[in-house]
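What follows is one structure encoded as structure tokens, with my remarks underneath.
Just so we're on the same page: letters track the sequence lines, and every chain starts at 1.
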2 protein chains.
Amino acid sequence: MSKKSEHSTIHDIAQALGLTASSVSRALNDNPRISEATRQAVKEQAEKMNYRPNLVAAGLRTGKTGILGIIIPLANRAFFASIISGLERVANQSGYNVMICQTGDSYEAEKSAVEALLRARVEGVAVSVSAKTLDFKHFDRIKQAKIPLILFDRTMDEIGASEVVIDDRLGAMLATEHLIEQGCRRIAHFAGLQHISIYKKRTKGYLDALEKHGLSYDENLVVFGEVKEGSGDAAVNTLYERGVSFDAIFSSSDFAAIWAMKNLQKRGVRIPDDVAIIGFANEPFTELVTPALSTVNQLADDLGSAIANLFLEEINVKKEQRKPQKIVLMPEIIVRESSKRVIR
Amino acid sequence: MSKKSEHSTIHDIAQALGLTASSVSRALNDNPRISEATRQAVKEQAEKMNYRPNLVAAGLRTGKTGILGIIIPLANRAFFASIISGLERVANQSGYNVMICQTGDSYEAEKSAVEALLRARVEGVAVSVSAKTLDFKHFDRIKQAKIPLILFDRTMDEIGASEVVIDDRLGAMLATEHLIEQGCRRIAHFAGLQHISIYKKRTKGYLDALEKHGLSYDENLVVFGEVKEGSGDAAVNTLYERGVSFDAIFSSSDFAAIWAMKNLQKRGVRIPDDVAIIGFANEPFTELVTPALSTVNQLADDLGSAIANLFLEEINVKKEQRKPQKIVLMPEIIVRESSKRVIR
DNA sequence: GTGAAAGCGCTAACAT
DNA sequence: ATGTTAGCGCTTTCAC
């Protein structure tokens with residue numbers, strides 16, 4: 001093995017076999033224009049020399065790095081972690097590697113992430129747009145590079161890219177209908193910030209379910225605003241302050257749901273008998289709390305693999321005639337103790 | 001901009017300015033052997049032409065790809081997700097990108113992951129060794145490539161690589177001492193599989209704490225075996241079957257702890273008054289259950305950033321004189337309701 | 001301070 | 001079926 005590099009090259013193999021680099025290349029890549037005998041010999045020799053193709057060199061030559069980039073607000077969040085997991089698994093099966101960038105929900109970091117991935121010449125980029133992003137010029141850079149751009153979770157129609165999302169409205173509707181089927185008639189709703197599309201859609205699903213079942217909408221039952229941890233606690237207080245009676249809660253977030261549950265339990269309210277609760281997202285903790293929290297499965301892992309599959313599909317389409325696609329996954333509700341009433 | 005590529009190159013810039021590629025390269029890289037004037041001109045022109053350095057080309061030339069690889073069993077697990085998060089954040093600050101591979105705890109997948117990262121010419125690899133890995137030859141390939149190899153979480157002394165871990169024994173000891181301070185004297189312990197080093201160390205910490213405080217070891221209080229979700233439930237049953245009395249549990253896993261808590265609550269046992277409980281790992285759900293579960297903070301995010309920092313340090317050391325380092329982080333206990341007794 | 005030239009390891013026309 | 005050649009975009013000696 002030559003001193004200058006830690007790795008053997010196709011030239012080393014060629015030399016050892018009295019061949020040329022191109023023949024070795026052909027043999028290694030199973031190019032038909034090579035004899036079976038040489039192919040064998042080359043592969044054996046490669047094995048013997050611990051040859052490992054240099055993807056950097058191949059990438060420079062072919063323009064294909066075999067790298068997929070993903071930009072997320074924060075890797076350390078169950079939903080995104082599952083997406084990464086699904087994405088990596090499928091991408092890897094097709095020989096692709098996955099490169100990750102976090103934005104911390106910062107617009108500046110998102111811009112840098114785009115540049116970083118483009119510098120690395122990734123073959124495609126998946127993005128969950130940062131909450132603080134209002135300007136989308138940096139995504140044009142991806143389109144200019146003529147590589148697939150796929151948005152997921154927080155998407156932006158303005159960008160005009162492919163999307164992989166779940167049907168939030170449907171999920172919310174199923175959740176609300178489930179509560180109705182449990183006999184609940186006064187269903188409160190923690191709505192989340194409505195300028196974020198996923199929350200808006202979930203609220204829409206709630207309203208649609210009410211309408212479908214002939215229940216009237218009572219604005220006193222709906223609490224807008226953030227649906228983070230503490231806000232579930234505050235939202236319950238708000239309902240009590242309003243003096244409104246309710247026999248169920250559909251929360252657009254598991255976190256708010258869980259804190260609502262804690263609040264109600266302190267008040268001596270029985271769950272699900274007095275108030276049935278269902279959340280949204282299927283966070284890992286939902287099956288660990290008492291009572292276990294019903295929720296809507298966001299299919300994060302499936303989202304990840306769907307992103308990967310869309311990538312693989314788009315990469316093989318001529319850049320010019322790549323049309324933005326929209327893949328919508330159908331969520332399912334997961335019914336647990338927090339909403340399972342004994343129907344009399 | 002030339003037709004063949006979507007990107008402008010240093011040649012394009014050079015041509016536009018009547019310079020040569022090498023001067024442009026120097027200007028862009030702030031090489032001192034260039035005049036301030038040209039540097040300015042080049043940078044302006046680069047900006048104007050939307051120039052984006054091709055890291056693949058640079059990487060081929062210099063051997064430095066600016067990529068760090070990380071191999072984990074599963075991205076979708078809170079502990080690993082946090083490590084990725086911390087690693088990416090710090091690495092990115094120094095201009096490095098992070099490439100991820102999952103093994104699904106499979107030995108074969110781990111071997112492939114090593115090869116995949118090596119083919120991509122990453123500048124270093126961090127690994128949490130798969131549970132099924134008993135043979136370590138594939139890690140030699142990383143050493144042969146003369147790039148830093150850093151083990152974390154599940155480490156293997158046999159491999160002779162740098163390590164970033166937390167002091168499991170200390171964490172377990174602190175947890176156990178905390179229970180003792182709460183007045184507990186008959187402390188049960190869910191020990192986990194002892195052939196896995198982290199569990200062995202946690203059990204050691206438990207024993208050390210008992211000894212330090214003059215409590216005798218009662219083997220009936222210790223339940224060996226897996227510490228997964230359901231096993232916490234089974235472990236409590238085992239204690240009852242043994243007819244042993246206990247006033248506290250130190251579980252080497254939050255999952256087992258939470259299921260133990262559920263089991264005890266069903267039996268009408270009050271927590272923490274009858275039995276105080278503390279787990280290990282600071283899983284996200286621990287603060288959401290009722291009562292909130294005390295635990296040992298594994299500092300996953302810090303682990304990730306420590307890995308990144310060690311990388312950055314080792315990368316700048318001549319390969320030959322890189323000595324395996326061992327970085328040990330000190331865990332802290334997080335005291336919540338599940339173990340906080342009102343001391344009389 | 002700038003240019004010329006070589007080459008990183010690979011692939012892909014184009015020969016033969 | 002194999003060899004020759006050129007070049008992907010960049011950095012880096014070596015000249016001047």
State whether [X] places a side-chain N or O below 4.0 Å from either non-bridging phosphate oxygen (OP1 or OP2) of [N].
| X | N | answer |
| --- | --- | --- |
| B:Thr62 | D:dC10 | no |
| B:Asn54 | D:dC8 | no |
| B:Ser25 | D:dG9 | no |
| A:Thr20 | D:dT2 | no |

Could you tell me the separation between the [atom1] atom of [X] and the [atom2] atom of [N], rounded to a whole number of Å?
| X | N | atom1 | atom2 | value |
| --- | --- | --- | --- | --- |
| B:Arg121 | C:dC8 | CZ | C1' | 11 Å |
| A:Leu28 | C:dC10 | CG | P | 9 Å |
| B:His11 | D:dC10 | NE2 | C1' | 8 Å |
| A:Asn31 | D:dG3 | CG | P | 14 Å |
| B:Arg52 | D:dC8 | CZ | P | 19 Å |
| A:Leu55 | C:dT11 | CG | C1' | 13 Å |
| B:Ile10 | D:dT12 | CD1 | P | 11 Å |
| A:Asp30 | D:dA1 | CG | C1' | 15 Å |

Item to check | Value rounded to 0.5 Å, distance of CD1 in B:Ile10 from OG in B:Ser22 | outcome: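 Taking CD1 in B:Ile10 and OG in B:Ser22, the distance rounds to 8.0 Å.
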Between [Y] and [X], do the side chains contain a donor N or O and an acceptor N or O under 3.5 Å apart?
| X | Y | result |
| --- | --- | --- |
| B:Asp301 | B:Ser82 | no |
| A:Thr103 | A:Ser106 | no |
| B:Thr133 | B:Glu110 | yes |
| B:Gln325 | B:Glu313 | yes |

Next on the checklist: Heavy atoms from C-beta onward define the side chain here; which of C:dG9, D:dT13, D:dG9 lies closest to that of B:Arg26?
Outcome noted: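 Nearest to the side-chain atoms of B:Arg26, counting from C-beta on, is D:dT13.
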Next on the checklist: Side chain of A:Ala58 only, heavy atoms from C-beta on: which candidate in D:dT2, D:dC10, C:dT11 is closest?
Outcome noted: C:dT11
Next on the checklist: For the backbone of A:Ala75 and the side chain of A:Gln102, can you confirm whether one donor and one acceptor N or O come within less than 3.5 Å of each other?
Outcome noted: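 The answer is yes, because a donor-acceptor pair under 3.5 Å joins these two groups.
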Checklist entry - Which angle, to the nearest 10 degrees, lies between the helix axes at the two ends of the helix from C:dG1-D:dC16 to C:dT16-D:dA1, each defined by five pairs? => result 40°
Item to check | Donor-acceptor pair under 3.5 Å, B:Arg33 side chain vs C:dT2 base | outcome: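 Check passes, donor-acceptor contact within cut-off.
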Checklist entry - Is there a donor and acceptor pair closer than 3.5 Å between the side chain of A:Ser22 and the base of D:dT5? => result no
Checklist entry - What nucleic acid atoms does A:Ser35 come within less than 4.0 Å of, heavy atoms only: base, sugar-phosphate, or nothing? => result sugar-phosphate
Checklist entry - Under 4.0 angstrom, heavy atoms only, what part of the nucleic acid is A:Leu19 near: base, sugar-phosphate, or nothing? => result sugar-phosphate
Next on the checklist: For A:Asn29 and B:Gly18, find the nucleotide of DNA chain C closest to each by heavy atoms; which residue's nucleotide sits nearer the 5' end?
Outcome noted: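 Here B:Gly18 is the residue nearer the 5' end.
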Checklist entry - Taking for each residue the nucleotide of DNA chain C with the nearest heavy atom, is it B:Thr38 or B:Leu60 whose nucleotide lies nearer the 5' end? => result B:Thr38
Checklist outcome for this item: The single option from B:Asp302, B:Ile150, B:Leu68, B:Ile327 that satisfies side-chain contact (heavy atoms from CB on, under 4.5 Å) with B:Ile307 is B:Ile150
Checklist entry - What do you reckon, are the aromatic ring centroids of A:His7 and A:Tyr51 less than 6.0 Å apart? => result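 They do not qualify: ring centres at least 6.0 Å apart.
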